[in-house]
Amino acid sequence: MVTVEVIIVPTPAETGAVAADAIEALYRDRPDAVLGVATGSSPLAIYAELAHRVSDGRLNLTRATAFLLDEYVGLPTEHPERYRNVVERDFVARVDIPTASVHGPDGRADDLPAACTAYEDAIMDAGGVDLQILGVGTDGHIAFNEPGSSLASRTRIKTLTSQTRRDNARFFGDDVEAVPRHCLTQGIATIMAARHLVLVASGRGKAEAVHQLVEGPISAMWPATILQMHPRATVVVDAAAASRLALAGYYAETYAAKPTWQGL
Ligand code: GLP
């Protein structure tokens with residue numbers, strides 16, 4: 001058994017189906033479970049699956065609560081790339097979770113440190129996150145915990161790296177200058193407190209980050225490597241994102257031989 005369970009599937013769409021299976025199983029057991037939601041392209045396959053399963057009656061999220069990982073600082077309330085709006089569009093509007101049950105850090109607060117503390121309290125008051133959906137940046141960041149982030153960090157203000165701003169410029173009309181410089185993000189310790197972490201990644205651009213995350217030394221230089229310390233972390237990747245894994249064959253054998261009763 002490896003520290004992180006790695007599941008390699010042929011296509012990005014299948015990463016969504018595997019992650020949605022874990023979410024469906026969680027809500028079958030606990031209809032009021034707390035879901036951690038992520039932005040970016042990687043979780044889109046998950047949200048598409050969840051939408052499908054809600055519409056055919058396999059999944060019911062009416063009693064769910066959700067928390068976002070992060071938010072840009074200073075974007076106007078109606079800005080389409082404000083993460084609260086992104087999650088509304090990509091996830092909330094397509095399933096049956098009430099909008100009022102979805103929470104994010106307030107990137108427009110006058111007192112940003114107070115907003116970070118309030119966010120930590122809100123997660124705690126909800127009983128903590130049961131299943132956290134994660135993507136990974138090309139530089140190994142999770143949420144907006146950039147390389148060099150404290151592995152013990154809690155929700156706080158961060159400055160985005162130029163690489164992340166370049167990566168995310170595609171959502172801002174390819175204009176890097178339009179990407180905010182600051183964000184609020186759950187810290188690494190906040191994320192690690194979730195009971196199950198499900199990270200999805202696809203495409204060759206993520207191959208090095210996935211290799212480091214699963215097989216590299218744990219280091220603040222690749223924040224996602226902290227998942228190796230989590231008691232229940234599942235990494236679901238497509239073949240391209242798995243292409244740099246040294247032990248890909250072993251992960252495939254392990255998963256193929258996994259008893260079905262074990263679930264994810
Ligand atoms: C952003 C988000 C992260 C996300 C990352 C990768 O920086 N804050 O939560 O994991 O991008 O995004 P994508 O899935 O689009 O590659």
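Nothing fancy with the numbering, it's 1 onward along the sequence.
- The backbone N or O of N85 lies less than 3.5 Å from no partner atom in the side chain of H79, so there is not a single donor-acceptor pair.
- Annotation: side chain of F171 is not in contact with side chain of T39 (no heavy-atom distance under 4.5 Å).
- Residues V129 and I123 meet the side-chain proximity criterion, which asks for heavy atoms closer than 4.5 Å.
- Cluster annotation: V18 is not connected to Y251 through the hydrophobic network of ILVMFWY side chains, with a link wherever side-chain heavy atoms come within less than 4.5 Å.
- The nearest pair of heavy atoms linking R170 to S41 is NH2-OG, 2.7 Å.
- Listed for the T225 side chain is a donor-acceptor partner under 3.5 Å among the backbone atoms of S219.
- Between P12 and A45, the shortest heavy-atom distance links the atoms O-CB, 3.5 Å.
- Rounded to the nearest 0.5 Å, atoms CG (L50) and CG (L61) are 6.5 Å apart.
- We find that D175 and R165 are not joined by a salt bridge, their nearest charged nitrogen and carboxylate oxygen being 4.0 Å or further apart.
- Under 3.5 Å, the side chains of T234 and H196 contain a donor-acceptor pair of N or O atoms.
- Between V198 and L131 there is a side-chain heavy-atom pair separated by less than 4.5 Å.
- A continuous path of hydrophobic side-chain contacts links Y250 to V4 [ILVMFWY only; heavy atoms under 4.5 Å].
- For the atom pair CE of M229 and CD1 of I188, the computed distance is 12.5 Å after rounding to the nearest 0.5 Å.
- In terms of heavy atoms, A194 sits closest to H230 at O-NE2, 2.7 Å.
- Considering all non-hydrogen atoms of both residues, A66 and I97 come closest at CB-CD1, 3.9 Å.
- In this structure, the side chain of T185 does not engage the main chain of G187 through any donor-acceptor pair within 3.5 Å.
- In the hydrophobic cluster analysis, where Ile, Leu, Val, Met, Phe, Trp and Tyr join through side-chain heavy atoms closer than 4.5 angstrom, V200 is grouped together with L59.
- For E81 and R89, the salt-bridge test passes: some basic side-chain N is under 4.0 Å from an acidic carboxylate O.
- No salt bridge links R232 with E5; every basic N to acidic carboxylate O contact stays at or beyond 4.0 Å.
- Looking only at side-chain heavy atoms (C-beta outward), P180 and L75 come within less than 4.5 Å of each other.
- Put simply, the side chain of D96 never gets that close to the backbone of N60: no donor and acceptor are under 3.5 Å apart.
- Transitive grouping of hydrophobic side chains (ILVMFWY, heavy atoms separated by less than 4.5 Å) brings V237 and I142 into a common cluster.
- Put simply, NZ on K158 and OG on S149 are 3.5 Å apart, with the number rounded to the nearest 0.5 Å.
- Side-chain contact between R108 and V73: absent, with no pair of heavy atoms (C-beta onward) separated by less than 4.5 Å.
- The backbone N or O of R181 lies less than 3.5 Å from no partner atom in the side chain of Y72, so there is not a single donor-acceptor pair.
- Between Y47 and A38 the shortest heavy-atom distance is OH-O, 2.7 Å.
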side-chain contact (heavy atoms from CB on, under 4.5 Å) evaluation trace for L245 with L247
CA-CA 6 Å; L245 288 171; L247 302 181; over 6 Å; no
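- Within a 6.0 Å sphere centred on CZ of R204, heavy atoms belonging to other residues, nucleotides or ligands number 12 at most.
- T164 pairs with exactly one of N168, T161, D167 by the side-chain hydrogen bond (donor to acceptor under 3.5 Å, both in side chains) rule, that one being T161.
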Worked check of side-chain contact (heavy atoms from CB on, under 4.5 Å) between Y255 and I8
CA-CA 9 Å; Y255 186 58; I8 303 169; over 6 Å; no
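- In this structure, L184 CG and L68 CG are separated by 11.5 Å, a value rounded to the nearest 0.5 Å.
- Contact between A241 and S202 at its shortest, heavy atoms only, is CB-CA, 3.8 Å.
- Judged by distance alone, with hydrogens and angles left aside, the side-chain atoms of R82 form a donor-acceptor pair with the main-chain N or O of T77 at under 3.5 Å.
- The aromatic rings of Y83 and F144 lie parallel to each other, their planes meeting at an angle below 30°, with 60° marking the opposite boundary.
- The closest side-chain heavy-atom distance from R53 to D21 is below 4.5 Å.
- Of the possible polar contacts, none joining the Q132 side chain to the R195 backbone as a donor-acceptor pair under 3.5 Å is found.
- For the atom pair K258 NZ and T254 OG1, the distance stands at 10.0 Å (nearest 0.5 Å).
- Judged purely by atom type and a 3.5 angstrom limit, Y119 has no side-chain atom pairing as donor or acceptor with the backbone of Q186.
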Mind running side-chain contact (heavy atoms from CB on, under 4.5 Å) on R94 and S55 for me, showing each step along the way?
CA-CA 9 Å; R94 303 164 68 192; S55 73; over 6 Å; no
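- Looking only at distances, a side-chain donor or acceptor of E120 sits under 3.5 Å from a matching main-chain atom of T155.
- The shortest distance between side-chain heavy atoms of I46 and F91 does not fall below 4.5 Å.
- For the residue pair R63 and S101, no side-chain donor N or O sits within less than 3.5 Å of a side-chain acceptor on the partner.
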Take D139 and K206 through the test salt bridge (Lys or Arg N to Asp or Glu O under 4.0 Å) and record every step on the way to the result.
CA-CA 8 Å; D139 59 2; K206 298 293 172 70; over 6 Å; no
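- A donor-acceptor contact shorter than 3.5 Å is absent between the side chain of Q212 and the backbone of A209.
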Can you check salt bridge (Lys or Arg N to Asp or Glu O under 4.0 Å) on R58 and E24, steps first, answer last?
CA-CA 8 Å; R58 281 161 72 187; E24 186 185 324; 3.3 Å; yes
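- Following chains of ILVMFWY side-chain contacts shorter than 4.5 Å, one can reach L227 starting from V6, so the two form part of one hydrophobic cluster.
- Residues L35 and T65 have side chains not in contact (no heavy-atom distance under 4.5 Å, counting atoms from C-beta outward).
- Within the model, atoms CG of D121 and SG of C116 stand 11.0 Å from one another, a figure rounded to the nearest 0.5 Å.
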Worked check of side-chain contact (heavy atoms from CB on, under 4.5 Å) between L112 and I157:
CA-CA 7 Å; L112 291 169; I157 307 168; 3.7 Å; yes
